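The structure appears right after this line, and notes come after that.
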Amino acid sequence: MEFKDHVCELLNTIDACQVFFDITVNFDLTRNYLDLVVTYTTLMIILSRIEERKAIIGLYNYAHEMTHGASDREYPRLGQMIVDYENPLKKMMEEFVPHGKSLSDALISLQMVYPRRNLSADQWRNAQLLSLISAPSTMLNPAQSDTMPCEYLSLDTMEKWIVFGFILCHAVLNSDAAALSLWKLALQSSTCLCLFRDEVFHIHKARRPVWIQTNTNKCSNVFSLQGSMHRERRKFLRSALKELATVLADQPGLLGPKALFVFMALSFARDEIIWLLRHADNIQKKSTDDFIDKHIAELIFYMEELRAHVRKYGPVMQRYYVQYLSGFDAVVLNELVQNLSVCPEDESIIMSSFVNTMTSLSSTRGTVEDGEVFDFRGMRLDWFRLQAYTSVSKASLGIADHKELGKMMNTIIFHTKMVDSLVEMLVETSDLSIFCFYSRAFEKMFQQCLELPSQSRHSICFPLLCTHFMSCTHELCPEERHHIGDRSLSLCNMFLDEMAKQARNLITDICTEQCTLSDQLLPKHCAKTISQAVNKKSKKATGKKGEPEREKPGVESMRKNRLLVTNLDKLHTALSELCFSINYVPNLVVWEHTFTPREYLTSHLEIRFTKSIVGMTMYNQATQEIAKPSELLTSVRAYMTVLQSIENYVTIDITRVFNNVLLQQTQHLDSHGEPTITSLYTNWYLETLLRQVSNGHIAYFPAMKAFVNLPTENELTFNAEEYSDISEMRSLSELLGPYGMKFLSESLMWHISSQVAELKKLVVENMEVLTQMRTSFDKPDHMAALFKKLTSVDSVLKRMTIIGVILSFRSLAQEALRDVLSCHIPFLVSSVEDFKDHIPRETDMKVAMNVYELSSAAGLPCEIDPALVVALSSQKSGHCNNIHCLAKAINQIAAALFTIHKGSIEDRLKEFLALASSSLLKIGQETDKMTTRNRESVYLLLDMIVQESPFLTMDLLESCFPYVLLRNAYHAVYKQSISANA
């Protein structure tokens, strides 16, 4: 009610003073007057749309009565106003009859501005609007206009003035051709106007009842479809803004003289974008082709680019216009003031202060670079006062008689804004915070932009628009700051996340293609090529019936035509476009929160790379199938090559991605608790390959340094040699790295420790017999009797064989790790090896174990296996039968156990050798066939134990076991193998 009273009082005062309104002369006064009328009209229309308005004011009055003990004095008037404004337009038309003269004068003054702004795209194109290069000779000339502030005045604002203004003073449409012309143009341009944010006013729905009562049916068939006209405008503006942004990026100094062009371009583009947004959301017709613009992102992007130029080169513009104000505007204004025939004292003081303010800038023009803060708000406020003084009918100095003064001052005010109000000018001409209230349309535009590869490079404009949202808040309504701020943050986060996901998907598709190409180069695919080469002649004879010749790898790179575009080309093009957008800004600030688009991409790449590496193992738990390490390594390297190429598109540290992902893959679980390739391969080798070795389906062949399948009734689903030869173990070491191989070793040692635990139980069972045998090794007859008392001898042999198999596999893994590290860090490995080889024998065992642990981590063989020592200390609570693995098992188990129990390893092994040789010599004297079965093989096993041991020597063996027996044993075993093969 108070607002309504104040508005009515002000309008009556304006009519009484017979104020002169002309948008081209007293711009600020006319604009604020028209804004007042439109704001008042809009408020009343919105009020009439509140369905429960009567109940709300009734509740308000009841609450007031309960609080103060009496009804609100204004309640009857408020209630009457609600009733009177049931049809707000009808009521306001009656109210504005006395104000018709002032309102119509202000509106008709738009005839010099609005028609010039509301032109078709063809007219803009013919006039080469906004082009800096159309006339190169005048490129450095400052952009001038007699109606400077009107050039970037919002078209949407002018249309609201015209539509609402002429509805309120409709009588002038019958009497003034200029008014009717403006009215027609406004109806042709839009079908709905913005009342407040996403609340709209449908012009033609509201017009019909007005027509019936105002008899102005001359305009009933004026409007037509506007979609095509605005579509062509947007098309023109895309190319015009692109040209403008490109020229200014190359020559930012042109921002000084051509600043008007920049703000005109921003205003024109903003008007077209808002028009499309409003009409697309409220259009009733089914055919909406003209209201869907898949290239809208490009227009918004060039707007953001121009805004960025203005912010970046603001000091350039400031310096230019400080000099302009002091060197030109002050002189011209001084001449105009001097030529005034009549100038009252108050007006003279104000205009003299204008001249003095601008003249004083000549002494500060060098301080722009020093960051001096300019403030011309007082000068602009004085000009607004002066407009009010000189626009009343009885003014001594009437601005209607001195229009040149008004136009010059409007130009000066624009120049002052270029010095101290660039940010405010950007908000005035290019604010798109209205997207905050059209979230669904906003998201739809973003999705359309991502779906169109040619537009994806402009997708960054959508997160940038989120920075506008806070400009639609108002200090009188602080409650909504958090709501709007949260919406801007969530939308910005969603947009950047979707962009990163799209880029990630494109990168994944490229990686898949590259992995396929790399897979074609694997050795397993050459068999067909070799076969075709061998059978080439026979295939020629068979002619067409033969198998078609297989394409060789690399054929895809041969281009017969430049126009031929492969799927990989399309993916790279789409990726480069999208990465341009992600890389466009290093960061952006939304509601005091900083977003970094590149970090979104980095995090998504890390997650996808992790999943892809695990996925490429192709591990099937049901069938126990897994990819060969060499094939996985080839795929991972192809993947990494593609990821490294991303640095050509986006400024990200891809090495950080590799480190984060690949280091996690060397652990048992990744950061998300998911299994890694280390855990998958460790489980597969232990549970599948080595288990089949224990079952007798696979044997270890030291000469081949690989495990090999044995012929059995049930063929295995995999070839052990393809997973355990030296090349595969090197590939495994490359993938798992030292940390992963250490985890593999620890897992192997855990299995060994479980076997040793069972062996300890067997030793405890036979403790008395073993003690007697230890002291009776020089009594053959007594030893033979004691041997027959031993129980579970076969179990001991089997478990020791299992331990030997595991240790043999570990030695393969360690050797592969050593080879890999020697290639990557040869100097460090050689230093560790030298350190290990020169450790003194008398060194404390704890120190020695530290050295051995370091050496073992580098894949170097050690006298004492530190991993086995750790595994066994935690228990304080070849041939087809793999018997040759016993030698490694005996040596390493003995070394580990005697280290734990602080015994002399060399002395204990000498004792073992004496016992073993005595027993074997006793066997040589036996005649029983069962007792002497495989005697020669056991002799060779003793020889292998000595050869494997770093603590026993051949001299020591010969001192207690004749070498002639070993020579005869080798000959006998060889003859036996020949006969078996025959």
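Fair warning: this is a prediction, and the values are worked out from it, not measured in the lab.
Distance check: Arg481 CZ to Ser488 OG gives 10.0 Å after rounding to the nearest 0.5 Å. Remark: Lys235 NZ to Ser228 OG distance equals 12.5 Å, nearest 0.5 Å. How far NZ of Lys501 is from NE2 of His604: 5.5 Å, rounded to the nearest 0.5 Å. The CD1 atom of Ile167 lies 4.5 Å from the CH2 atom of Trp183; values are rounded to the nearest 0.5 Å. Note that the CD atom of Glu272 and the CE atom of Met229 stand 7.5 Å from one another [nearest 0.5 Å]. Separation of atoms CG (Asn493) and NE2 (His593) is listed at 10.5 Å; rounding is to 0.5 Å.
Remark: side-chain polar atoms of Thr596 are not paired, donor with acceptor, to backbone N or O of Asn587 under 3.5 angstrom. The backbone N or O of Ala245 lies less than 3.5 Å from no partner atom in the side chain of Glu305, so there is not a single donor-acceptor pair. The backbone N or O of Met158 lies less than 3.5 Å from no partner atom in the side chain of Arg117, so there is not a single donor-acceptor pair. Under the 3.5 Å distance criterion, the side-chain polar atoms of Thr41 are matched with a main-chain donor or acceptor of Val37. For Ser267 (side chain) and Phe263 (main-chain N/O), no donor-acceptor pair under 3.5 Å exists by modelled atom type. Of the possible donor and acceptor atoms, none in the side chain of Ser189 sits under 3.5 Å from a partner among the backbone N and O of Ala186. Side chain of Ser471 to main chain of His468: a donor-acceptor pair is present (N/O by atom type, distance under 3.5 Å, no hydrogens or angles). Between the Ser421 side chain and the Glu424 main chain, no donor and acceptor come within less than 3.5 Å of each other. Checked by atom type and distance alone, the side chain of Ser109 pairs as donor or acceptor with a backbone atom of Ile23 at under 3.5 Å. Of the possible polar contacts, one joining the Ser581 side chain to the Ile460 backbone as a donor-acceptor pair under 3.5 Å is found.
Between Leu185 and Pro115 the shortest side-chain heavy-atom distance falls below 4.5 Å. Between Lys91 and Met44, every side-chain heavy-atom pair lies at or beyond the 4.5 Å cut-off. With a 4.5 Å cut-off on side-chain heavy atoms, Arg457 and Phe301 do not count as touching. Counting only heavy atoms from C-beta outward, the side chains of Leu381 and Arg377 never approach each other to under 4.5 Å. With contacts defined as side-chain heavy-atom distances shorter than 4.5 Å, the pair Leu452/His295 qualifies. Between Lys160 and Thr42, every side-chain heavy-atom pair lies at or beyond the 4.5 Å cut-off. By the 4.5 Å heavy-atom criterion applied to side chains, Cys492 and Leu588 are counted as neighbours. Side-chain contact check for Ile296 versus Gln455: every heavy-atom pair is 4.5 Å or farther apart.
Contact detail for Ser439 and Leu491: the closest heavy-atom pair is OG-CD1, 4.4 Å. Of all heavy-atom pairs spanning Asn61 and Asp72, the tightest one is OD1-N, 3.3 Å. The two residues Val200 and Arg49 make their nearest non-hydrogen contact at O-NH1, 2.7 Å. Minimum interatomic distance between Cys169 and Val172 (heavy atoms only, all atoms of both residues): O-CG1, 3.2 Å. Considering every non-hydrogen atom in both Ile203 and Ser190, the closest pair reads CD1-O, 3.6 Å. Closest approach of Asp431 to Ile274, counting heavy atoms only: O-CD1, 4.3 Å.
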Evaluate side chain to side chain contact (heavy atoms under 4.5 Å, CB included) for Arg598 paired with Leu601, printing each intermediate quantity in order.
-> CA-CA 5 Å; Arg598 298 165 191 167; Leu601 178 59; 5.6 Å; no
Criterion side-chain hydrogen bond (donor to acceptor under 3.5 Å, both in side chains) on Glu232 and Ser120, from CA distance to verdict = CA-CA 8 Å; Glu232 291 301 317; Ser120 66; over 6 Å; no
Show your reasoning for whether side chain to side chain contact (heavy atoms under 4.5 Å, CB included) applies to Tyr33 and Leu103.
-> CA-CA 9 Å; Tyr33 172 72; Leu103 182 56; 3.8 Å; yes
Applying side-chain hydrogen bond (donor to acceptor under 3.5 Å, both in side chains), run through Arg234 and His230 and close with a yes or a no.
-> CA-CA 6 Å; Arg234 292 193 300 274; His230 287 275; 5.5 Å; no
Would Phe21 and Leu34 count as a side chain to side chain contact (heavy atoms under 4.5 Å, CB included) if you check the C-alpha gap in whole Å, the side-chain angles of each, and the deciding distance to 0.1 Å?
-> CA-CA 10 Å; Phe21 291 112; Leu34 292 173; over 6 Å; no
Begin from the C-alpha positions of Arg487 and Phe437 and carry the test side chain to side chain contact (heavy atoms under 4.5 Å, CB included) through to its verdict.
-> CA-CA 10 Å; Arg487 182 179 295 185; Phe437 309 102; 4.2 Å; yes
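Ring centroid separation for the pair Phe495 and Phe442 comes in under the 6.0 Å cut-off. Ring pair Tyr114/Trp161: centre-to-centre distance not below 6.0 Å. Between His458 and Tyr302, the ring center distance clears the sub-6.0 Å criterion.
Judged by the 6.0 Å distance and 45° axis criteria, Arg125 is not positioned over the aromatic ring of Phe236.
Taking 4.0 Å as the cut-off between side-chain N and carboxylate O, Glu74 and Lys4 do not count as a salt-bridged pair. Salt bridge Glu86/Lys54: present, at least one basic N to carboxylate O contact under 4.0 Å. Looking at Asp156 and Arg278, a side-chain N of the basic residue comes within less than 4.0 Å of a carboxylate O on the acidic one, giving a salt bridge. We find that Asp198 and Arg440 are not joined by a salt bridge, their nearest charged nitrogen and carboxylate oxygen being 4.0 Å or further apart. A salt bridge does not link Asp28 with Arg380: none of the charged nitrogens is closer than 4.0 Å to a carboxylate oxygen.
Glu151 and Thr147 form a side-chain donor-acceptor contact under 3.5 Å, judged by distance and modelled atom types alone. For the residue pair Ser131 / Glu243, a side-chain donor-acceptor distance below 3.5 Å is found, with atom types taken as modelled. At a cut-off of 3.5 Å, with distance as the only test, no side-chain donor of Gln502 or Ser456 sits close to an acceptor on the other residue.
Counting non-hydrogen atoms of neighbouring residues, nucleotides and ligands closer than 6.0 angstrom, the CZ atom of Arg311 exceeds 12 such neighbours. Heavy atoms from other residues, nucleotides or ligands lying under 6.0 Å from CE of Met112 number 12 at most.
Under the 30°/60° scheme for interplanar angles, the aromatic rings of Tyr600 and Phe595 are found to lie parallel. Ring geometry, Phe201 versus Phe164: the interplanar angle falls from 30° to 60°, so the pair is classed tilted. Between His279 and Trp275, the ring-plane angle classifies as parallel under the 30° and 60° cut-offs. Classified by interplanar angle (parallel below 30°, tilted 30° to 60°, perpendicular above 60°), the ring pair His482/Trp591 is perpendicular.
Shown are Arg231, Arg238, Arg233; of these, the salt bridge (charged side-chain N to carboxylate O under 4.0 Å, His left out) with Asp293 is made only by Arg238.
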